[in-house]
**Q** 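Can you keep this structure in mind? I'll have questions shortly.
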Amino acid sequence: MGSIEEVKAGYLEGQAEVWDLMFAFADSMALKAAIELRIPDILHSHGAPITLTQLASKIDSSSPEISYLARVMRLLVRKGVFSEHQPSDGGEPLYGATQVSKWVLQDADLTLAPMLLMENDPVQEDPWHYIANCIKEGGVPFEKVHGEDFWYLIPKKPKFEKLFYAAMACTSKVVMRAVVSECKDVFANIGSLVDVAGGIGGAISEVVKAYPHIKGINFDQPHVVATAPTYNGVTHVGGNMFDTIPKADAVFMKWILHDWGEEDGIKILKNCRKAIPEKTGKLLLVDFIVQEEGNKIFGDIDVRFDLVMLAHNKGGRERTEQEWKKLLEAGGFPRYKIIKIPSVLSVIEAYPL
């Protein structure tokens, strides 16, 4: 039994943790507001810290509410998104950019801004309120809210669909920089590569740009590839991965199998297996591998994203290495190796023999 002081401290620490969890949503919503107001872009483009008045004058509004802006900035400064400096002459505080805010620029090649906006859109947020209900009664939170499966709904919501594919494209750029730089041996002997469910082709274009000897095939639903831009060395092909997959030396999938349960995942993997040569073919997966002890750099993002899958996709989940091993074996890939890259995701290289 600890001292009275230790008991009190433990009591307050527990209470403090609940308060922090209770209002954790305020962090992402404040950052969403800042992105929508283009505050990170304003501060980065200015090149030096500016006052709140100067910042407000650059927002696209004839009469911005500066007191509101000050309160949002106060939280984001405390979270390390922006910096604040008090001039020695006692003038207005100066706000500046940081290493964090550069990752949420809208006018940048590498950014996570579209992903943050998409995940905090009501289409994505509302299903979270139904997790408890689905634990008791079964079902999928997303379908409870929207009345249908995620993949059937998004084509009916053009604004959200555009945001969704922008989010996928931005994460592709961030992740693929790490993939192409750390996996030179993986791509060296591949003559053709098909990206299954590759969206508008962002990921495969990065591979082909880095390894121009590879013939790239971007494979997704016809209405998706119809909107894809032209990339050198990449051919867009429309189809359904549950039916057949274009043949190539290797199959690539980034953040795809986590959308599906075991039965569907096995179907996809078996089609991947049919698309590649039996002796020399291989499968490249870029996905989360859940670490029971967490990640030293990215913290609890793996298990948080697992709940994103729970909320949004029937059967969707993030997997541990043992769960990946079991799924791959059932889908026709008995051998694999994991390649660690400087990213929130890992690369799994799997072989049919």
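Throughout, numbering of the chain's residues begins at 1 and tracks the sequence. Keep in mind the model is a prediction, meaning the values are calculated, not measured.
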**Q** Parallel, tilted or perpendicular: which one describes the rings of Trp128 and His312, with boundaries at 30° and 60°?
**A** perpendicular
**Q** Please determine which of Glu329, Glu321, Glu323 meets the salt bridge (charged side-chain N to carboxylate O under 4.0 Å, His left out) test together with Lys325.
**A** Glu329
**Q** Report whether Val207 and Val174 are members of the same hydrophobic cluster (ILVMFWY, side-chain heavy atoms less than 4.5 Å apart, transitive linking).
**A**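 Different clusters.
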**Q** Going by the angle between their ring planes, with limits at 30° and 60°, are Phe23 and Trp19 parallel, tilted or perpendicular?
**A** parallel
**Q** Same cluster or not: Ile50 versus Ile66, using hydrophobic residues (I, L, V, M, F, W, Y) connected whenever any side-chain heavy atoms lie under 4.5 Å apart?
**A**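 Yes; Ile66 is reachable from Ile50 via cluster members.
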**Q** Just checking Phe305 against Phe298, ring centres under 6.0 Å apart?
**A**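 Not under 6.0 Å, so no.
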**Q** Flag the pair Trp324 / Phe333 as yes when their ring centroid distance falls below 6.0 Å, and as no otherwise.
**A**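 Centroid distance Trp324-Phe333: not below 6.0 Å, so no.
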**Q** If I compare all heavy atoms of Pro141 with all of Pro127, which pair ends up nearest, and what's the gap?
**A** CB-O, 3.2 Å
**Q** Heavy atoms only: give me the nearest Asn240-Phe219 pair and the separation to one decimal.
**A**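 That closest heavy-atom pairing would be N-CZ, 3.5 Å.
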**Q** With distance as the sole test, does Thr98 use its side chain to make a donor-acceptor pair with the main-chain N or O of Val81 at under 3.5 Å?
**A** yes
**Q** Does Asp109 come within less than 4.0 Å of Lys173, counting only side-chain N to carboxylate O?
**A**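 So Asp109 pairs with Lys173 through a salt bridge.
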**Q** I'd like to know if Glu119 pairs up with Arg304 as an ion pair, taking the criterion as any Lys NZ or Arg NE/NH1/NH2 lying under 4.0 Å from an Asp or Glu carboxylate oxygen.
**A**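 Answer for the salt bridge query: no.
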**Q** Consider only side-chain N and O atoms of Glu143 and Tyr152, and report whether a donor and an acceptor are under 3.5 Å apart.
**A**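 Distance-only check fails for Glu143 and Tyr152.
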**Q** Could you check whether any side-chain N or O of His258 sits under 3.5 Å from a backbone N or O of Met309, counting only pairs where one atom can act as donor and the other as acceptor?
**A** no
**Q** Any sub-3.5 Å donor-acceptor pair from Asp306's side-chain atoms to Glu318's backbone N or O?
**A** yes
**Q** Given 3.5 Å as the limit, does a donor-acceptor pair link the side chain of Asp41 with the main chain of Asp107, or not?
**A**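 Checking the backbone N and O of Asp107 against the side chain of Asp41, a donor-acceptor pair under 3.5 Å is found.
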**Q** Nearest 0.5 angstrom please: Ser343 OG to Phe288 CZ, how far?
**A**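 Between atom OG of Ser343 and atom CZ of Phe288 there are 8.0 Å.
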**Q** With the threshold set at 4.0 Å, does a side-chain nitrogen-carboxylate oxygen contact exist between Glu65 and Arg71?
**A** no
